[in-house]
Amino acid sequence: MGERVVIGLDVGTTSTKTGAYELDGSSVATAQVETMLHRSGPGAVEQDPHELLESAFTTVGSCVERAGVGPDGVAAIAVTGQMAGILAIDAAWEPVAAYDSWLDSRCAPQLRRLAAKHGDLIVERTGCPPMLDHAPKMQWWRDERPAEYARTAAFVMPAAYVAGVFAGLPAEAAFIDPTYLHFTGLADARTATWSEELLAALELDGAKLPRVVASDAVIGELSPAAAARCGLRPGVPIAAGLGDTAAGALGAGIVRPGQVLDTAGTAAVLIGAVDAFSPDRHHGLIVMRGVLPGLWLPLNYVAGGGLCLPWLARIAGGGPGATSEELSAMLTRLLGEAAEIAPGADGLAFIPHLEGRIAPHAPDMRGGFLGLSLAHERAHMARAILEAVAFEYATYLRAMHRLHPGVDFASARVIGGGARSALWNSIKADVLGMPVERITLDETATRGAALLAASAVGLLDDLAGVAADAPTADRVEPDASRHERYAGLVDRYDGITGMLLAHQETLDPIERSLVR
């Protein structure tokens, strides 16, 4: 093809993906490389920064080759990626240590201390309740790895690390864009600046923080060395980029207040779009800054929410020795059986927090079935799992209505592997009381990053308009009678999870260790 494309690169948790896109947002080529999580001890989950970098070079090179555009065919690049972990770099932009993943829980003692002393202040300033993210992780490095902490010139995100290598940046040019700031525990979200108040309260060195730049700021150009690795010409502009959740929302066309996005993946995420920053003092929502001016994205998610039904399929389908084909067949069978069960699963409720609760933050909370009787079959259990994620979403939506009563949340879009389940989409439509339509794109994060790159170099005059034109299909309308029935079941579910959260908060440290 003769015209140039833009590149979106996503440095994810278990894989790195790159997409080449035309300026209308349509996909030209994609490439993906799996990456490894390293578990080296209790709570320790790390990734090799050099592996992440190599995966970026590989996927960009493969994507450019598949797109057939030649070395001069890429107009701009933007990098997105995982958001809540931290990577320490030294003065030469070399990693000081392995990437401290957002899945790493070694900073749990620091988290408990800062949450107890400064939790409300952190929510008020950042929009995010204390959790396993940047501030407690930085405290852990300060407390447990003082030599590495001293060598650290800046803490950056994996996407910024990759972009900095691509551009050959020095450490003093380290950067972060505003879509990550809620996870830092150290920023003033309203002004997109570092909070001296929080830095002082948490006793952290502000000199180790990167500069805050706009998502569409051009942070540099592709260096000759990086260009050779990617099969491109030197000098391709590189935009600052954005966090993967924000990129996915933009790529899915979430561009105006009132829209809702369901990410039905490994994590089950519900994101709303609103026009004002309003922190949730009940600690039930995370408030993220969107890319578009004045757009804020309140959200919450079930860690591992998309794994609950496959977990049941594994149990019902022969255990760990079952083949992937057998498990896939069992999953299909469970969905079919669940469709025959009436709403409410005959009184059976499921708590989907098998990996802990995100917000309000209760990492030691676990899931379970409530109301189980000898009359229940596995079909009821499957139905209860599907409904539980929808019920959780309904509590998020209620919080959004409480904080933003003037916003009309009228429809939802759904992406991810779970979006292919017509039954699950129908349950969500009935529970939320709004239409649900499936985005037919395979990737939205790379699309969002690529469109941002095009906007950053002046190739898009209407970023929101182009992003909004994401293809959809299979629109499901809610049933009024089922929505009314589900409203009472959401009340019940909310009461159960509230009870479990209150119980969790009464556990002493020894009991917490037993829960784990």
Side-chain angles (χ1 to χ4, degrees), residues 6 8-10 12 15 17-30 32 78 80 179 242-273 288 290-292 295 297-302 305-306 335 386 389-390 393 396-397 400 409-432 434-452 454-455 460 462-478:
V6 283
L9 168 61
D10 180 9
S15 70
K17 303 173 184 177
T18 294
Y21 294 83
E22 296 181 3
L23 297 182
D24 64 358
S26 59
S27 176
V28 176
T30 61
Q32 180 175 350
T80 182
T179 64
L242 66 174
D244 58 2
T245 303
L250 178 65
I254 304 302
V255 297
R256 64 180 184 275
Q259 291 181 295
V260 175
L261 178 66
D262 165 20
T263 301
T266 300
V269 188
L270 192 76
I271 305 172
M288 178 177 67
V291 171
L292 299 171
L295 193 70
L297 305 174
L299 63 99
N300 202 346
Y301 61 99
V302 182
L335 287 167
L386 298 175
V389 172
Y393 281 0
Y396 305 163
L397 192 61
M400 293 178 198
F409 297 99
S411 64
R413 292 180 165 189
V414 57
I415 60 176
R420 292 189 288 270
S421 171
L423 172 62
W424 209 357
N425 293 340
S426 177
I427 289 173
K428 290 170 181 175
D430 290 340
V431 171
L432 298 177
M434 64 174 62
V436 173
E437 56 185 355
R438 178 173 62 89
I439 298 288
T440 58
L441 298 168
D442 290 331
E443 292 295 331
T444 58
T446 57
R447 181 178 188 262
L451 292 178
L452 177 70
S455 178
L460 278 187
D462 183 12
L463 174 59
V466 175
D469 193 25
T472 62
D474 305 326
R475 182 181 173 96
V476 181
E477 297 290 338

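The first residue of the sequence shown is numbered 1, and numbering continues consecutively from there. In this text the structure is predicted, and so the values were computed from the model without any measurement.
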Completion exercise
In short, S15 meets Q32 closest at the heavy-atom pair OG-NE2, 3.2 Å
Practice task
Check whether any side-chain N or O of Y21 sits under 3.5 Å from a backbone N or O of A29 as a donor-acceptor pair, and report yes or no.
Solution key: no
Practice task
Please report the shortest heavy-atom distance between A473 and T440, naming the atom on each side.
Solution key: CB-CG2, 3.6 Å
Problem - E437 side chain vs S411 backbone, donor-acceptor pair below 3.5 Å - result: no
Practice task
Answer whether the closest heavy-atom distance between the side chains of Y396 and V302 falls below 4.5 Å.
Solution key: yes
Problem - Steps toward side chain to side chain contact (heavy atoms under 4.5 Å, CB included) verdict (V414, W424) - result: CA-CA 11 Å; V414 57; W424 209 357; over 6 Å; no
Problem - Over all atoms of both residues, closest heavy-atom pair of P435 and P478 - result: N-CD, 3.7 Å
Handout entry: Point-to-point distance, once rounded to the nearest 0.5 Å, from CG of L295 to CD1 of I254
Key = 9.0 Å
Practice task
Could you tell me the separation between the CG atom of L270 and the CE atom of M400, rounded to the nearest 0.5 Å?
Solution key: 4.5 Å
Practice task
Start with the C-alpha distance between L23 and V466, add both sets of side-chain angles, then the distance that settles side chain to side chain contact (heavy atoms under 4.5 Å, CB included), and finish with yes or no.
Solution key: CA-CA 8 Å; L23 297 182; V466 175; over 6 Å; no
Exercise for the section: Check whether any side-chain heavy atom of D469 lies under 4.5 Å from a side-chain heavy atom of D24, and answer yes or no. Expected result: no
Exercise for the section: Could you tell me whether D442 atom CG has more than 12 heavy atoms of other residues or ligands within 6.0 Å of it? Expected result: no
Handout entry: Residue pairs involving residues 421-431 (criterion salt bridge (Lys or Arg N to Asp or Glu O under 4.0 Å); sequence neighbours excluded)
Key = D262-K428, D430-R482
Exercise for the section: Examine distances only and state if a side-chain atom of N425 and a backbone atom of A419 form a donor-acceptor pair shorter than 3.5 Å. Expected result: yes
Practice task
Would you give the length of the straight line joining atom CZ of R438 to atom CD1 of I415, rounded to the nearest 0.5 angstrom?
Solution key: 12.5 Å
Problem - Chi angles and distances behind the side chain to side chain contact (heavy atoms under 4.5 Å, CB included) call for L386, L335 - result: CA-CA 9 Å; L386 298 175; L335 287 167; 4.0 Å; yes
Practice task
Can you see which heavy atom on V476 is nearest to which on A429, and at what distance?
Solution key: O-CB, 3.9 Å
Exercise for the section: Can you establish whether the number of heavy atoms outside R420 located under 6.0 Å from its atom CZ is more than 12? Expected result: no
Practice task
Check for a donor-acceptor pair, side chain of R447 on one end and backbone N or O of A467 on the other, with a separation under 3.5 Å.
Solution key: yes
Completion exercise
In terms of heavy-atom contacts, R475 and E477 come closest through NE-OE2, 2.8 Å
Handout entry: Side-chain touch L463/L451, heavy atoms, less than 4.5 angstrom
Key = yes
Handout entry: Close side-chain approach of L250 to V255, heavy-atom, < 4.5 Å
Key = yes
Exercise for the section: Please name all residues satisfying ring-ring contact (aromatic ring centres under 6.0 Å, His included) with Y301, sequence neighbours left out, ordered by chain then number. Expected result: none
Practice task
Output the distance between atom OG1 (T472) and atom CG (L441), rounded to the nearest 0.5 Å.
Solution key: 9.5 Å
Handout entry: Backbone of G243 reached by a side-chain donor or acceptor of T80 within 3.5 Å
Key = yes
Practice task
Walk me through it: do M434 and L397 pass the test side chain to side chain contact (heavy atoms under 4.5 Å, CB included)?
Solution key: CA-CA 11 Å; M434 64 174 62; L397 192 61; 3.7 Å; yes
Handout entry: Residue pair A470 / I439: nearest heavy atoms and the distance that separates them
Key = CB-CD1, 4.1 Å
